[in-house]
Amino acid sequence: MSPIPPSADPAAPPRAGLLDTRHHVETPEGIDLILRPAGLLPRSLAYGIDLLIRGGLMLLMFFLLIWLGRFGMGLGLILTFLMTWWYMVLFEVLAQGRSPGKRFMGLRVVHDDGTPVGWSASLVRNLLRVVDMLPFGYTLGILSCLANPTFKRLGDLAAGTLVVYRDEEPQVPALPEAPAQRAPFSLSRDEQNAVMGFAERHASLSAARRTELASLLAEPLEVPAEQAEARLNGIARGLVDPL
Amino acid sequence: MRLTDAAVAIRPRNAWEAMDLGVLLARRHAGLLTASWALMTLPVFVLLSLLLWQQPGWAMFCFWLLKPAFDRLPLHILSRSLFGDTPRLRDALRALPGLLKPQLLASLTWRRLSLTRSFDLPVLQLEGLAGKARSQRLTVLGFGESRPASLLTVIGAHVEWALWAGLTALLFLLLPQQVKTDMDWQKLLDLAADENRWLWVEHLSNALYALLLIVWEPVYVACGFTLYLNRRTRLEAWDIELVFRRLRQRLTGVAYLLVLGGCLLLAPLPRPALADDAHSCPIPAEALQPTSKRLTHQALTSDAAHQAIEGLLGEPPFSNTQTVTRWRFGNEEEAEEAGDPAAINGFFEALRKLMLLGKHLEGLAVALKVLLWATLIGLLALLLWRYREWWFAFARRLGRPWPARTASEPPTLMFGLDVAPESLPDDVAAEVERLWPSHPREALGLLYRALLSRLLHRFQLPLKSAHTEGEVLALQRGLDDAELDAFARLLTGHWQNLAYGHRSPPDALRAQLCEGWRALERRGDTA
């Protein structure tokens, strides 16, 4: 059952101001880049993982270096400095914006315009963690992350950086077997995508739902509702291998 | 529900992105959500605190227990506003009693500890399912999505903790110095032990929790809701339906009333135990008494002896307690405890040997020290060298001439013009006057060369061959000589017009320039 009774659908034109998690960046060449900023939850998890890794490494280092006397102490201090201030910076700049925690969560750091993060931006955003931690336990960072439309903490605001999801490799699911057909009407790109999506996602949809979706288009396709699904699959096939 | 009215972009997302959408949704309706949450929870919190004034811990527990009931109001607001029907604050609060009715007891008791509670709530509240239907629905929806939902609750608990600690730290930072001076950690710990006097501290800490929930809990509910929406979008292909409906509208031009049917054939799958019934903990077995009472009929019973001994041991020669408070590394303790008590001697032996090894490493330590100092000094030297120009400029500003700069060789060629004094005729002005009628270009060029040469050699202006005419003008302005400046300006302007613009200078200029030059020469000679 649907939570709210469904009703008629006078298909309104797409409205502006739709809430979305995508962030558009237009390049000077007029190309629209789509970035997907990551919010508080995956970021805090990534930070937790990094914290664990660093804690583990420091502990290990401590046990190894304690045997080296003053030499070990000096070395330990240097390594502690590097771990505290340079761990994030080095990973972000040298490993495509990904510390191990971010890599695990599928995140990366980029500049606001989507370019790879550089030394100065990375240094600024990581040095300002000290501010984000105020007064204790990242309070300011959390509040800023919740309040900003692109989920920036204060360090990100100062450095002009974004934490975004990495784009996964696009997968090409198998289409259901159907003879290729031509659509009896012209389809915009969005509509072509929807028809393709309908065919590609057939495995994750129940049979009843597939029939229901296809019957929406039975009348324009001029077929009985039962045959609409096969017809749509055929059109999708026709879009992949043009006749 | 009209998908076309949805206020969010409908698209299958990954689970984390779906939660991010929840944050955005909560942000858009932040005013309504926080206001309604505060109006609903704060009175309850105050009431609980007053009722359980002597047991702040219980007041806190009751408040915490009630959270799922409170969650229903934000969800109601969010689900209405998702399709553009944002309720007003008054209407939302008025709807509250109706929202609380279904399955309240279950929510507050055995489902309270469910980690997926924010994800499950829409099934209960919006779909109105109960019992077996509900669990089947949850199985279908939760398949593959329950891990992010659980993580949401776990992270949420940590966020609550972090915000609480932050608020507490903020309060502590705001304490005036006078209060803080006679307050240290030892005393704070004592305060915690002495419950009766400091009840208000605990109630204050509870209040901080109630306040931070105003910010966080609507976000938590919204994240669970969008996670649920995303799951349904994936399962029922809402995004495809949206486009298909628009397409049909475009093709047929008629709006149809279509029923979004009961869309899923639900396989009767077993329901996972979401929350086990709470069992009361078994009472811990009473600690065995090591010694029973003896010598009960003697003059000195074992009890009395025991007390006397304890008393003696507690007095100075035996007991000498000191309280030492100091900071130390957290790791230190672990290192001390690393050894097994049985193998502790061997451990210390190994430690001694390694310390001996450490002695040998002292040399290495010194080497490292030298290396590091050398690196530091090297870096400083590099820095000095890198910004030497800047240092020179700085030194010159302090009024000290820098010998290295003035000693540098003046150029003999500028813009391809020979500016060496030897190349100029003895009487420049006369030569200019001679050349002017026939070769104005040569005449003006000669005068300009003479000016440059004079600037270089008489006024010691540090000109370089890379300077342009304009830069030369700007540099000579630094000499602060009004007469020279006027002459140089006039000459440079006309020279540029002639050299680059091929515009001949007016005849009247000849006398003016030659006069100017002679005056300059005379002044220079007498000076």
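Only a predicted model underlies this, so the values are computations on that prediction, with no experimental measurement involved.
- Taking the six-membered ring for Trp and thresholds of 30 and 60 degrees, B:Trp216 and B:Tyr220 have ring planes inclined between 30 and 60 degrees apart.
- Both the backbone and the side chain of A:Phe198 come within contact range of chain B, each with at least one heavy atom under 4.5 Å from a heavy atom of that chain.
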Could you list the donor-acceptor pairs under 3.5 angstrom formed between side-chain atoms of residues 48-60 of chain A and any protein atom two or more places apart in sequence or on another chain?
residue, atom, partner, partner atom, Å
A:Asp50, OD1, A:Tyr87, OH, 3.0
A:Asp50, OD1, A:Gly101, N, 2.9
A:Asp50, OD2, A:Ser99, OG, 2.6

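- In this structure the side chain of B:Pro102 never reaches within 4.5 angstrom of the side chain of B:Gln125, judged on heavy atoms.
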| said: I'd like to know whether A:Tyr138 forms a ring-ring contact (aromatic ring centres under 6.0 Å, His included) with A:Tyr47, so could you lay out the CA-CA distance, the side-chain angles of the two residues, the decisive distance to 0.1 Å, and finally the verdict. | reply: CA-CA 11 Å; A:Tyr138 273 95; A:Tyr47 181 77; 5.0 Å; yes
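- Contact annotation for B:Val215: only side-chain heavy atoms (C-beta onward) come within less than 4.5 Å of a heavy atom of chain A.
- For chain B, the nearby part of A:Leu232 is the side chain; its heavy atoms alone come within less than 4.5 Å.
- For a residue to count as touching a neighbouring chain, one of its non-hydrogen atoms must lie under 4.5 Å from one of that chain's; by this rule A:Met73 does not touch chain B.
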| request: Determine, stepwise, if the pair A:Asp156 / A:Arg43 fulfils salt bridge (charged side-chain N to carboxylate O under 4.0 Å, His left out). | output: CA-CA 13 Å; A:Asp156 287 322; A:Arg43 288 180 64 176; 2.8 Å; yes
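- Only the side chain of B:Arg11 comes within contact range of chain A, with at least one heavy atom under 4.5 Å from a heavy atom of that chain.
- For B:Leu212, no part sits under 4.5 Å from any heavy atom of chain A, backbone or side chain.
- Between B:Phe119 and B:Phe225 the shortest side-chain heavy-atom distance does not fall below 4.5 Å.
- Looking at B:Leu372, the atoms closer than 4.5 Å to chain A (heavy atoms on both sides) all sit in the side chain, from C-beta outward.
- For B:Leu170, the parts lying under 4.5 angstrom from a heavy atom of chain A are both the backbone and the side chain.
- Within the 4.5 angstrom heavy-atom criterion, no atom of A:Asn193 approaches chain B.
- Listed options B:Glu17, B:Arg13, B:Met19, B:His158 were ranked by heavy-atom pairs under 4.5 angstrom with chain A; first place goes to B:Glu17.
- Residue B:Trp164: no heavy atom, backbone or side chain, is found under 4.5 Å from chain A.
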